Amino acid sequence: MRLFVSEGAPGSLPVLAAAGRAQGRAELLISTVGPEECVVPFLTRPKVPVLQLDSGNYLFSTSAICRYFFLLSGWEQDDLTNQWLEWEATELQPALSAALYYLVVQGKKGEDVLGPVRRALTHIDHSLSRRSCPFLAGETESLADIVLWGALYPLLQDPSYLPEELGALHSWFQTLSSQEPCQRAAETVLKQQGVLALRPYLQKQPQPSSLEGRLVSNEPEEEELATLSEEEIAVAVAAWEKGLESLPPLRPQQNPVLPVAGERNVLITSALPYVNNIPHLGNIIGCVLSADVFARYSRLRQWNTLYLCGTDEYGTATETKAMEEGLTPQEICDKYHVIHADIYRWFNISFDFFGRTTTPQQTKITQDIFQRLLARGFVLQDTVEQLRCEHCARFLADRFVEGVCPFCGYEEARGDQCDKCGKLINAIELKKPQCKVCRSCPVVKSSQHLFLDLPKLAARVEEWLEKTLPGSDWTANARFIIRSWLRDGLKPRCITRDLKWGTPVPLEGFEDKVFYVWFDATIGYLSITANYTDQWEKWWKNPEQVNLYQFMAKDNVPFHGIVFPSSALGAEDNYTLVSHLIATEYLNYEDGKFSKSRGVGVFGDMAQDTGIPADIWRFYLLYIRPEGQDSAFSWTDMLFKNNSELLNNLGNFINRAGMFVSKFFGGFVPEMVLTSDDQRLLTHITLELQHYHQLLEKVRIRDALRSILTISRHGNQYIQVNEPWKRIKGGEADRQRAGTVTGLAVNIAALLSVMLQPYMPTVGATIQAQLQLPPPACSILPTNFLCTLPAGHQIGTVSPLFQKLENDQIESLKQRFSGGQLEESLALKAKASPKTAAGLTTAGPQQIQALTEEVTKQGNIVRELKAQKADKNQIAAEVAKLLDLKKQLALAEGKPLETSKGKKKK
């Protein structure tokens with residue numbers, strides 16, 4: 001036999017590793033050829049690797065060559081290996097090809113590379129974890145292991161692309177990589193160049209554009225049922241039979257909730273929303289809703305849990321909003337704090353306490369941390385050149401300056417950070433700066449300020465991170481952002497501002513200044529806890545006993561992962577620091593962004609006016625939660641998910657299970673005599689429940705929701721196959737079978753009601769009321785599927801859980817939140833209101849200002865595209881947006897709409 005391989009050809013890796021296994025079984029000559037050399041005479045294009053058999057036949061599929069070598073070594077084929085090979089070809093390879101192309105050809109890094117393969121890597125990790133075996137198909141290495149290792153090695157040999165949280169995958173990969181045949185294969189193919197050795201090969205491949213649409217899809221992957229061992233079945237059946245008696249006692253309620261020695265004490269925070277911003281759906285899923293799911297799950301696990309949040313109320317944003325509305329800053333805070341609280345109450349967010357930062361406790365704790373930092377030499381003084389708006393007669397806070405990013409050229413960069421490239425900016429570095437309030441050009445003036453000496457604290461932060469990150473559940477984007485900051489070197493960070501509305505600086509010469517909101521906003525978590533209980537230090541100065549989970553969008557990561565930990569470490573007061581930093585990517589709206597001023601997107605105060613229940617909003621937002629990459633809210637997709645997953649899958653199963661008990665058995669759960677098929681179903685559900693636990697323990701909220709829907713699909717299929725509505729009409733054996741199927745199905749429904757609680761608390765409680773689930777079973781989620789509704793248990797009245805969303809209803813809502821409703825409302829006002837001198841009505845100054853900003857931004861976009869000589873269709877689309885905005889502004893200002901006359905034909 002003769003094996004042809006090529007340096008830099010990824011398929012050569014697994015075949016060389018497999019060839020090492022067959023060594024001595026047959027005579028094999030290995031030839032290294034150039035990538036352009038035609039080895040197979042009847043193929044029109046070069047192809048490697050190739051195995052030429054002694055018979056003269058050729059094998060030129062990587063998996064086929066590997067299979068041949070394994071068969072030579074005496075390996076026996078099995079179905080599980082075949083399933084893995086099919087998955088590798090259809091699921092892993094497309095994603096991996098994209099990741100390698102982005103990395104090697106396009107030079108992308110971080111999440112841009114890891115994003116396409118993250119789901120595939122997680123799938124391998126979960127499969128290894130669930131089976132508790134060192135290899136993919138069992139206790140010994142198989143063909144599947146070598147094929148998948150060879151495919152993954154070019155990427156995963158760089159540790160930064162092997163997520164630390166995927167422990168089983170990490171162990172599997174290291175085991176294989178340490179074997180001599182695999183090491184020799186890697187040396188032959190990659191020649192110590194690493195993944196760059198693949199560049200010539202990858203440059204000849206087409207750009208993976210077709211994959212991009214698939215990767216951003218919100219559709220779940222379907223998983224085949226795992227093969228079950230007799231031991232797994234026996235354990236699952238034994239747990240089922242113990243029923244309610246195996247539940248632990250309910251832990252007593254505390255008020256206030258305080259850490260308990262020897263228990264798992266979980267402190268949960270979600271990023272404090274700015275008080276003067278109405279949160280949109282992206283804000284809600286990124287912070288409070290994600291944290292709420294984990295808080296509810298923690299309580300179901302009987303962990304000692306405290307969940308806190310509140311409004312962030314200090315800063316220029318509040319002062320400006322107060323000016324716009326003719327109120328004092330405190331009145332603005334009081335008004336909008338209530339609006340926030342009402343929104344989160346409607347979304348059923350289960351805060352233990354929802355506070356605010358404008359409190360005496362905030363001042364006391366912030367000033368104490370500052371004084372400790374000052375005394376230890378971690379505060380610097382320096383003169384700062386700042387932008388001052390002469391028109392507004394004030395120094396401009398960073399977020400009220402906008403201009404062109406000096407690093408990437410983004411035209412809407414803020415004065416503190418660019419949202420596009422993520423780099424921190426000093427406001428005076430911005431090109432073409434503008435005051436966001438009046439759009440005038442500010443001037444540079446000097447002012448004395450205080451700085452946190454981050455370079456002096458860097459070693460402490462790095463030491464803390466080295467201890468914290470391994471084994472923690474920090475999300476990949478959070479790890480990447482923090483590493484980038486540290487790699488680029490920490491710089492002193494200004495912690496004061498020339499404002500009146502904020503926490504006063506307790507230092508002579510700085511009486512006219514306040515602390516910068518991003519120094520003291522994160523301290524708000526501590527002061528909010530202090531407003532909840534005067535024993536707040538038991539949570540916040542107790543790192544040995546408290547697990548702190550912090551939820552946020554990725555733009556908040558530097559402040560929670562670097563700035564606050566630096567302050568806390570420098571204060572040397574034994575503060576509790578974040579154990580698990582959970583950051584989402586961004587949620588977009590349809591094919592654009594949320595915009596309150598343009599009326600685009602659904603904001604928290606609008607969702608309740610749609611007629612769609614809060615639990616449906618929760619479900620869909622969690623279904624599309626941007627965990628590994630940006631995702632988008634879509635009305636059409638929301639309709640589809642509601643009608644398919646909720647109405648036809650989940651709701652249909654739970655309703656049928658309950659109705660069968662009511663209709664066929666008088667409302668009493670029938671006797672259950674489990675067959676081997678029933679026991680297998682029971683075991684599959686137990687494994688899926690355990691997978692749900694594994695995912696939520698790792699805060700993989702979106703993926704864990706799939707486990708609920710998977711169990712429901714199992715239940716629907718079980719009912720459909722066994723047809724209890726037919727069997728109930730048959731003989732005694734058939735009626736008994738109908739009883740078993742009905743009893744098992746209604747117990748699955750009971751389990752789903754508890755699994756649903758973190759996601760859809762009202763729906764979960766409704767199911768429990770309909771089934772009259774015993775109270776202990778409502779408050780504890782075990783790790784095994786238990787019989788919580790034994791034979792003879794009487795259920796209540798069963799009714800449908802969900803309503804169908806209609807196309808007309810959704811199209812109306814889509815139109816309403818697309819921006820068109822703003823023009824419509826202005827036009828209606830024009831008809832109903834007194835006329836101006838021009839015969840038209842005007843909108844308020846705030847709305848006119850917002851629209852003026854949008855017109856300016858869009859005009860800049862159009863000018864830039866024209867300067868770049870961009871595609872005509874792209875320019876035309878942006879011009880259309882600009883004209884639409886100008887039309888809205890004209891209506892708002894009470895001006896008559898201009899009629900486009902167009903060009904005269906010659």
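For clarity, every value in this text was computed on a predicted model and none was experimentally measured.
Not less than 6.0 angstrom separates the ring centroid of Y759 from the ring centroid of F619. Between Y589 and H280, the distance from one ring center to the other does not fall under 6.0 angstrom. Close placement of the W240 and F785 rings is indicated, their centers lying within 6.0 Å of each other.
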Exercise for the section: Report the C-alpha distance between D125 and R118 in whole Å, list the side-chain angles of each, state the deciding distance to 0.1 Å, and finish with yes or no for salt bridge (charged side-chain N to carboxylate O under 4.0 Å, His left out). Expected result: CA-CA 11 Å; D125 181 77; R118 180 175 293 281; over 6 Å; no

Exercise for the section: Output, in order, the C-alpha distance, side-chain angles, deciding distance and verdict of salt bridge (charged side-chain N to carboxylate O under 4.0 Å, His left out) for E91 and R119. Expected result: CA-CA 10 Å; E91 300 291 336; R119 187 176 291 179; over 6 Å; no

Practice task
Given ring pair (Phe, Tyr, Trp, His ring centres under 6.0 Å), test Y620 with F633 step by step and report yes or no.
Solution key: CA-CA 9 Å; Y620 183 63; F633 175 91; 5.5 Å; yes

Exercise for the section: Would you check, one step at a time, whether the test side-chain hydrogen bond (donor to acceptor under 3.5 Å, both in side chains) holds for R625 with S631? Expected result: CA-CA 7 Å; R625 183 175 185 262; S631 61; over 6 Å; no

Practice task
Report the C-alpha distance between N716 and N652 in whole Å, list the side-chain angles of each, state the deciding distance to 0.1 Å, and finish with yes or no for side-chain hydrogen bond (donor to acceptor under 3.5 Å, both in side chains).
Solution key: CA-CA 8 Å; N716 269 318; N652 180 54; 3.3 Å; yes

Exercise for the section: Step by step, work out the side-chain hydrogen bond (donor to acceptor under 3.5 Å, both in side chains) result for T683 and E232. Expected result: CA-CA 7 Å; T683 309; E232 286 174 323; over 6 Å; no

Exercise for the section: Check the pair Q720, R656 against side-chain hydrogen bond (donor to acceptor under 3.5 Å, both in side chains), reporting the backbone distance first and the verdict last. Expected result: CA-CA 11 Å; Q720 209 59 32; R656 290 171 86 190; 3.1 Å; yes

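Side-chain contact of T710 with E688: a donor-acceptor pair under 3.5 Å is absent, judged by distance alone. Looking only at atom types and distance, the side chain of T686 has no donor-acceptor partner in the side chain of N784 under 3.5 Å away. Donor-acceptor pairing under 3.5 Å is lacking for the side chains of H714 and H684. Judged by distance alone, the side chains of R264 and N304 never bring a donor and an acceptor atom under 3.5 Å apart. If you check the side chains of T797 and Q770, you find no donor sitting under 3.5 Å from an acceptor. For the residue pair D678/Y718, the side-chain donor-acceptor check at 3.5 Å is satisfied.
Dense packing is recorded around CD of E263, with more than 12 heavy atoms of other residues, nucleotides or ligands lying under 6.0 Å away. A 6.0 Å sphere centred on CD of Q690 holds more than 12 heavy atoms belonging to other residues, nucleotides or ligands.
Side-chain contact between L752 and I767 is absent, with no heavy-atom pair separated by less than 4.5 Å. Using a 4.5 Å cut-off on side-chain heavy atoms (C-beta onward), W172 and L152 make contact.
The pair R345-D342 meets the salt-bridge criterion, with a side-chain N (NZ, NE, NH1 or NH2) lying under 4.0 Å from an Asp/Glu carboxylate O. Taking the charged nitrogens against the carboxylate oxygens, D292 and R618 do have a contact shorter than 4.0 Å, which makes a salt bridge. A salt bridge links R713 with E645: the distance from a Lys NZ or Arg NE/NH1/NH2 to an Asp or Glu carboxylate oxygen falls below 4.0 Å.
Of the candidates R702, R700, R706, E627 forms a salt bridge (Lys or Arg N to Asp or Glu O under 4.0 Å) with just one, namely R700.
In this structure, CG in N722 is found 9.5 Å from OG1 in T740, a value given to the nearest 0.5 Å. Rounded to the nearest 0.5 Å, atoms OG (S142) and CG (L136) are 6.0 Å apart.
Qualifying salt bridge (Lys or Arg N to Asp or Glu O under 4.0 Å) partners for E585, counting only residues two or more places apart in sequence or in other chains: K554.
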